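Have a look at the structure below before the remarks.
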Amino acid sequence: MVALVATTAFAACGDDDDDQGGTSVSGLKLTESTLTFTRQGGTLTFSAQAPTQVTATSDQAWCTVTPGTMSANLKVTPITVSVTPMTTETTDRTATITVSAGSQSATVSVTQQSGDVLTLATTAYEVGAEGGSIVVSLTANGDYTAQSSAPWLTVADKGSSSMTLSAEANSGGARQATVTLSLGQLTATLTVAQAAGKTGISAKATDIAKLMYPAWNLGNTMEPPSNSLNAETTWQSTRTSQQIIDYVKSLGFKAVRIPCSWHAHDTNGQIDPAWTARVKEVVDYCINDGLYVMLNDHWDNGWIETDGFSDLSETNVSAKAEMLKTLWTQIATAFRDYDEHLLFAGLNEPNCDSQAKTDVLLRYEQAFIDAVRATGGNNATRILIVQGPSTDIDNTDSYYDISRLNDTAEGALMAEVHYYSPWNLCGMEKDESWGKMFFYWGSGNHLSGSQYNANWGEESYMLGQFQKMKRKLVDKGYPVILGEYGCQWRDVSTLSGEDQARHDASVRLFYKLVNEYAVNCGMVPTVWDINHCNQNGTRGMMTIVNRSQLTVWGTPAMDGITEGIAAATWPQ
């Protein structure tokens, strides 16, 4: 407690002295008529002048007075006033001190100001896995704010003596959130700990897949193979934020694929904890919005996707499989408590174009599955995504047998392929000796006389490719993630005789039919999006969202996605 001490003395002796600000009764003079204290209380001293020794009393127990010894020459008596600190009081309080000398008396008014009041009776609360309401006892004398650190814990009601919090049911591991209250310059913080839900994930791959489309890639962001926390902005310029993911959700996307490097961030097999923490922040942005998340080990400098298939010796394959286990054990452990909204994908585009290489791929995928399952908790039954050879539809149809993988969880596997066909439309940047770029795709979008009309890979080809995956995997109980797809949106307006509107219609139709045909075949279309807003640049021609502006940049593509999803029906 900080004491407030003030002593006022009479300037001179004699009955004619006039003390400014005090009170005067014939024969009795006081140096103060009012005293003011803060909420913390303390002591103040004033003086009384009278011919005889004075007495002093207070009408409130929280305010006490103690007269001192009268001076012999000036007939002045010091009087000490003590005020206790406020505890639960939320308004100012007053007391009256009466000073008497013989038959004469005078009063001093005492005020203790409450100021802003914000206190918590208890700062730690617990709630069961089933969730529910939590009543917080508090004292406040004004309109305070209350902010929760987690979306599962919200403020349901606020009052001057209590606040009600609402906790959602928990299907994952134990978790904790804080709630910060503010009133003026005052703050108070409480914690709520929630018990873990049931261990394991009961949802099956076939249940979850139908809830995930359309999906979106956070492309060129977490996968640059640089051992630095700045890798996130190496290939694109915008750091991922909650607002970006909120915007992606607002466009209608239900899932986010996060291509991610890990081996590039390890030292002797140990992943940098700071990198894992940043990846978790990005994952949490999606989880906060109720989105599904596909987290993979992307190209990652090709340590396994290329190097794991260029040398098929037992020494190399065993070493790569062991490293994959090491990495995925750490990743899976870090994310073990997440619920079914998080899916793991072991690789990205494993470089397989033969049966021998596909046999090696299955060894790597078995290592991935075994590593994740061994970490237990929700990972025991978490949905995992395995990749077809080169994530190529024809290679997958020819060489891949997903039933050769052994999984202790039932119905918890999905497969993944990608789609960039025809390459003349999707990826070519300039004409080649073997073929020209395609500007116009789809039977109704060809431009008479143009040399850039598609001559293969149009509507019937796309549908046929997706139907292969339906027969190969979906019909056997393995939903398919179409983990990447896209085509180049070019500026053709400066080329003599070319038609920009017809090209835009071609792009729109491509994205529409990918989504419509994929969903109809039990595949989750996941658009490739890399945040380079440039129709003339290599990388920028496959961008949907301008992340820095929170706007749609690739309008023909986004319109096509929306139309395709509206026209599609997930197979029964």
Side-chain angles (χ1 to χ4, degrees), residues 147-154 168 170-173 175-180 194 208 211-224 228-262 265 271-298 331-332 334-345 378 382-383 385 481 483-484 524 526-531 543-553 558 561:
Q147 183 65 45
S148 171
S149 66
W152 59 266
L153 183 67
T154 56
E168 296 178 356
N170 185 11
S171 59
R175 58 189 181 182
Q176 180 172 292
T178 60
V179 178
T180 301
Q194 186 173 35
I208 296 300
L211 305 176
M212 293 175 61
Y213 66 87
W216 178 82
N217 269 281
L218 185 69
N220 276 22
T221 307
M222 309 306 291
E223 74 266 35
S228 166
L229 289 177
N230 295 325
E232 185 174 353
T233 51
T234 298
W235 289 351
Q236 60 83 44
S237 60
T238 308
R239 183 175 167 85
T240 310
S241 66
Q242 183 68 66
Q243 289 73 27
I244 290 173
I245 301 303
D246 292 347
Y247 183 69
V248 168
K249 180 182 179 181
S250 76
L251 295 175
F253 292 104
K254 302 296 193 298
V256 174
R257 181 174 180 256
I258 303 178
C260 194
S261 60
W262 298 99
H265 295 273
I271 301 170
D272 179 4
W275 177 249
T276 301
R278 176 53 184 158
V279 175
K280 288 188 75 171
E281 287 179 346
V282 175
V283 170
D284 287 343
Y285 297 152
C286 303
I287 298 298
N288 291 343
D289 278 341
L291 299 171
Y292 289 90
V293 178
M294 295 170 275
L295 181 64
N296 78 351
D297 180 17
H298 210 67
I331 301 165
F335 290 90
R336 177 167 47 205
D337 292 337
Y338 285 71
D339 66 13
E340 68 273 11
H341 284 82
L342 178 62
L343 296 77
F344 295 148
N378 284 349
R382 184 176 307 284
I383 295 168
I385 305 169
I481 300 296
E484 295 179 19
V524 178
T526 310
V527 67
W528 187 242
D529 191 354
I530 55 177
N531 196 34
T543 290
I544 308 296
V545 175
N546 183 330
R547 299 182 201 171
S548 66
Q549 300 298 314
L550 298 183
T551 57
V552 171
W553 184 79
M558 189 66 238
I561 292 170

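Excluded from the calculations below are hydrogen atoms, water molecules and symmetry mates; all remaining heavy atoms, backbone and side chain alike, are included. Because the structure is predicted, anything quoted here is derived from the model rather than measured. Residues: numbered from 1 along the sequence shown.
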Would you please test Trp262 and Thr276 for side-chain contact (heavy atoms from CB on, under 4.5 Å) and show each step?
CA-CA 9 Å; Trp262 298 99; Thr276 301; 3.9 Å; yes
Given Tyr247 and Val552, is the side-chain contact (heavy atoms from CB on, under 4.5 Å) satisfied, shown in steps?
CA-CA 10 Å; Tyr247 183 69; Val552 171; 3.5 Å; yes
Intermediate values then yes/no, side-chain contact (heavy atoms from CB on, under 4.5 Å), Asn531 and Val545
CA-CA 6 Å; Asn531 196 34; Val545 175; over 6 Å; no
Glu340 and Ile383: CA distance, side-chain angles, deciding distance, side-chain contact (heavy atoms from CB on, under 4.5 Å) verdict
CA-CA 7 Å; Glu340 68 273 11; Ile383 295 168; 5.5 Å; no
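Trp528 and His298 have parallel rings, their planes meeting at less than 30° on a 0 to 90° scale where 60° marks the start of perpendicular.
A donor-acceptor pair under 3.5 Å is formed between the side chain of Glu223 and the backbone N or O of Thr221. Counting only distance, with no hydrogens or angles, the side chain of Arg382 and the backbone of Leu342 share a donor-acceptor pair below 3.5 Å. Using a distance-only test at 3.5 Å, with no hydrogens or angles considered, no donor-acceptor pair links the side chain of Thr180 to the main chain of Thr178. Looking at Asn217, its side chain does come within 3.5 Å of a backbone N or O of Gly483 through a donor-acceptor pair. Distance alone, capped at 3.5 Å, places no donor-acceptor pair between the Asn546 side chain and the Thr551 backbone. Trp152 places no side-chain N or O within 3.5 Å of a backbone atom of Ala177 that could act as its donor or acceptor partner.
Separation of atoms CD (Glu232) and CG (Asn220) is listed at 12.0 Å; rounding is to 0.5 Å. Within the model, atoms CG of Asn296 and CZ of Phe344 stand 11.5 Å from one another, a figure rounded to the nearest 0.5 Å. Going from atom CG of Leu550 over to atom CD of Gln243 covers 7.5 Å, rounded to the nearest 0.5 Å. Interatomic distance, CG of Leu218 versus OG1 of Thr240, reported as 4.5 Å (0.5 Å rounding). Note: Leu153 CG to Arg175 CZ = 9.0 Å, rounded to the nearest 0.5 Å. Here the CZ atom belonging to Phe253 is positioned 9.5 Å from the OG1 atom belonging to Thr526, to the nearest 0.5 angstrom.
Scanning both residues, Met558 and Leu251, for their nearest heavy atoms gives CE-O, 3.8 Å. Thr543 approaches Trp553 most closely through the heavy-atom pair O-CE3, 3.4 Å. The two residues Cys260 and Leu295 have their closest heavy-atom pair at CB-CD1, 4.0 Å. Met222 approaches Val279 most closely through the heavy-atom pair CE-CG2, 4.0 Å. Taking all atoms of both residues into account, the shortest heavy-atom contact from Gly219 to Arg547 is O-NH2, 3.1 Å. Nearest approach of Cys286 to Val293, heavy atoms of both residues: CB-CG2, 3.4 Å.
Residues Met212 and Leu343 meet the side-chain proximity criterion, which asks for heavy atoms closer than 4.5 Å. Using a 4.5 Å heavy-atom cutoff, the side chains of Tyr292 and Val256 are not in contact.
Contacts classified as salt bridge (charged side-chain N to carboxylate O under 4.0 Å, His left out) and involving residues 280-290 (residues at least two apart or in different chains) are given here: Arg278-Glu281.
Glu168 meets the salt bridge (charged side-chain N to carboxylate O under 4.0 Å, His left out) test with no other residue; sequence neighbours excluded.
Inspection of the Asp529 and Trp216 side chains reveals an N or O donor paired with an N or O acceptor under 3.5 Å.
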